[in-house]
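Remarks on the structure that follows.
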Amino acid sequence: MLLRLPISLPEAQQCLAEGAVPVGGATLVWALWQRDGFPEQAMSLRRLPEANVIEREALGAAVLLHRMDDRLPEVLRRAASTVGTGAVRRTATVGGNIVGSTLRCLLPAALVLKARATVLDRDGTYETDLAEVVSKRHLLLGLHWHAPVTSGYSKEAGETGGPPPLVVATAVHAGNDGRHHLDVAVRDGYEVTSGTAPCRTGPEQVLRALEGTDLGILPPTAWDAVRREVTGVLSRTAGS
């Protein structure tokens, strides 16, 4: 297998045009390749500058999870810190987790940030939403968002071989009119559900508003976690 390492967008496009298979840290595909056979060509974005950005409002798809630091919102940092073992985080990439993984631990965090995705294909780059990236398995180049007022992330303890642990991600955003609103995303099993509510006088009003969103279908155990996280992030907002 030939591994190609483009250093520019035109070079990456050429790799795709010539049939190179995108690969991040290969943590999710190596076993499959060993079983089914290796492709003739693979392509990694680890030397592409656009895919290695770490900024307050942007993150590249080739960034390794262990490199996600305090330049990023808390919700993203904490999500990355809970993925696998230290060895996995030193190899796994942002793009691989969001697009290639069935667990997508970073997806709830990206959703509450209202992140937009930049993707790459043979014709160039374009912007789209995360739903399209996940459903069509695009080659993710990077994410960008507006920095939240505050954010939070909770992942419950899981059992080895058991179902995916419950994840609750939260972020408070300031609108153009100065009013705050709260975004919540929950991974329950393999499904991710999200909702938005205005930040009113207290957590109970916000929770009632969230019950009227897609989050309203969550089971009581998930709602207990949502209540806890919403209360916590709103208290930090009040103190900021």
Set out, in order, the CA-CA distance, both residues' side-chain angles and the distance that settles side chain to side chain contact (heavy atoms under 4.5 Å, CB included) for Val168 and Val184, then state yes or no. CA-CA 7 Å; Val168 180; Val184 179; 4.2 Å; yes
Does the side chain to side chain contact (heavy atoms under 4.5 Å, CB included) test come out yes or no for Leu64 and Thr93, once each step is laid out? CA-CA 4 Å; Leu64 300 178; Thr93 64; 3.8 Å; yes
Residue pair Leu65, Val94: steps toward the side chain to side chain contact (heavy atoms under 4.5 Å, CB included) verdict: CA-CA 6 Å; Leu65 301 188; Val94 171; 4.2 Å; yes
Hey, mind stepping through His144 and Glu57 against side chain to side chain contact (heavy atoms under 4.5 Å, CB included) and telling me if it holds? CA-CA 6 Å; His144 61 91; Glu57 296 186 336; 5.9 Å; no
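Glu156 places no side-chain N or O within donor-acceptor distance of the main-chain N or O of Pro165, the cut-off being under 3.5 Å. Under a 3.5 Å cut-off, the side chain of Arg104 and the backbone N or O of Ile98 do form a donor-acceptor pair. In this structure, Glu127 contributes its side chain and Ala117 its backbone to no donor-acceptor pair below 3.5 Å. Without hydrogens or angle criteria, Arg89 side chain to Ser81 main chain gives a donor-acceptor distance under 3.5 Å. Using modelled atom types, no side-chain atom of Asn52 and backbone atom of Gly60 make a donor-acceptor pair closer than 3.5 Å. Side chain of Arg4 to main chain of Met43: no donor-acceptor pair is present (N/O by atom type, distance under 3.5 Å, no hydrogens or angles). Without hydrogens or angle criteria, Glu229 side chain to Thr170 main chain gives no donor-acceptor distance under 3.5 Å. A donor-acceptor pair under 3.5 Å is absent between the side-chain atoms of Trp223 and the main chain of Ile217, judged by distance alone.
Using a 4.5 Å heavy-atom cutoff, the side chains of Thr196 and Thr213 are not in contact. A 4.5 Å side-chain heavy-atom check between Thr221 and Asp188 finds every atom pair outside the cut-off. The shortest distance between side-chain heavy atoms of Met68 and Ile54 does not fall below 4.5 Å. When side chains are defined from C-beta on, Pro73 does not count as touching Tyr153, because their heavy atoms never get closer than 4.5 Å. Between Val167 and Leu107 there is no side-chain heavy-atom pair separated by less than 4.5 Å. Two residues are said to be in side-chain contact when any heavy atoms from C-beta on lie closer than 4.5 Å; Leu166 and Val186 meet this criterion. Using a 4.5 Å heavy-atom threshold, the side chains of Leu103 and Tyr190 count as touching. Leu113 places a side-chain heavy atom less than 4.5 Å from the side chain of Pro148.
Considering all non-hydrogen atoms of both residues, Leu106 and Asn97 come closest at N-OD1, 2.9 Å. Considering every non-hydrogen atom in both Cys199 and Leu182, the closest pair reads SG-N, 3.7 Å. Of all heavy-atom pairs between Glu132 and Asp129, the closest is N-OD1, 2.9 Å. When all heavy atoms are compared, the tightest approach of Gly100 to Arg137 is CA-NH2, 3.9 Å. Nearest approach of Arg78 to Thr82, heavy atoms of both residues: O-CG2, 3.2 Å. What you find for Arg47 and Leu5 is that their closest heavy atoms are CZ-CD1, 3.5 Å.
Neither Val53 nor Leu72 shares a network with the other; the hydrophobic side chains, linked directly or stepwise wherever heavy atoms of I, L, V, M, F, W or Y lie under 4.5 Å apart, form separate groups for each.
For Gln205, the CD atom is densely surrounded, since the number of other residues' heavy atoms within 6.0 Å is greater than 12.
Tested against Val172, the residues Val230, Thr237, Val112 include a single side chain to side chain contact (heavy atoms under 4.5 Å, CB included) partner, Thr237. A side chain to side chain contact (heavy atoms under 4.5 Å, CB included) with Leu141 is found for exactly one of Thr118, Val119, Asp121, namely Thr118.
Here the straight-line distance linking atom CZ of Arg90 with atom CZ of Arg67 works out to 14.5 Å at 0.5 Å rounding. Atom NE2 in His180 sits 10.5 Å away from atom OG1 in Thr150 (nearest 0.5 Å). To the nearest 0.5 Å, the span separating CG on Leu9 from CD on Gln14 amounts to 13.5 Å. Annotation: the span from Arg77 atom CZ to Ser151 atom OG amounts to 7.5 Å, rounded to 0.5 Å. Atom OG in Ser154 sits 5.0 Å away from atom CZ in Arg228 (nearest 0.5 Å). Note that CG of Leu218 and CD of Glu211 are 10.5 Å apart. Values are rounded to the nearest 0.5 Å.
Look at Arg227 and Glu204 and you find a salt bridge, because one of the NZ, NE, NH1 or NH2 atoms lies within 4.0 Å of a carboxylate O, short of that distance.
Below 30°, between 30° and 60°, or above 60°: for His138 and Tyr126 the angle between ring planes is above 60°, a perpendicular geometry.
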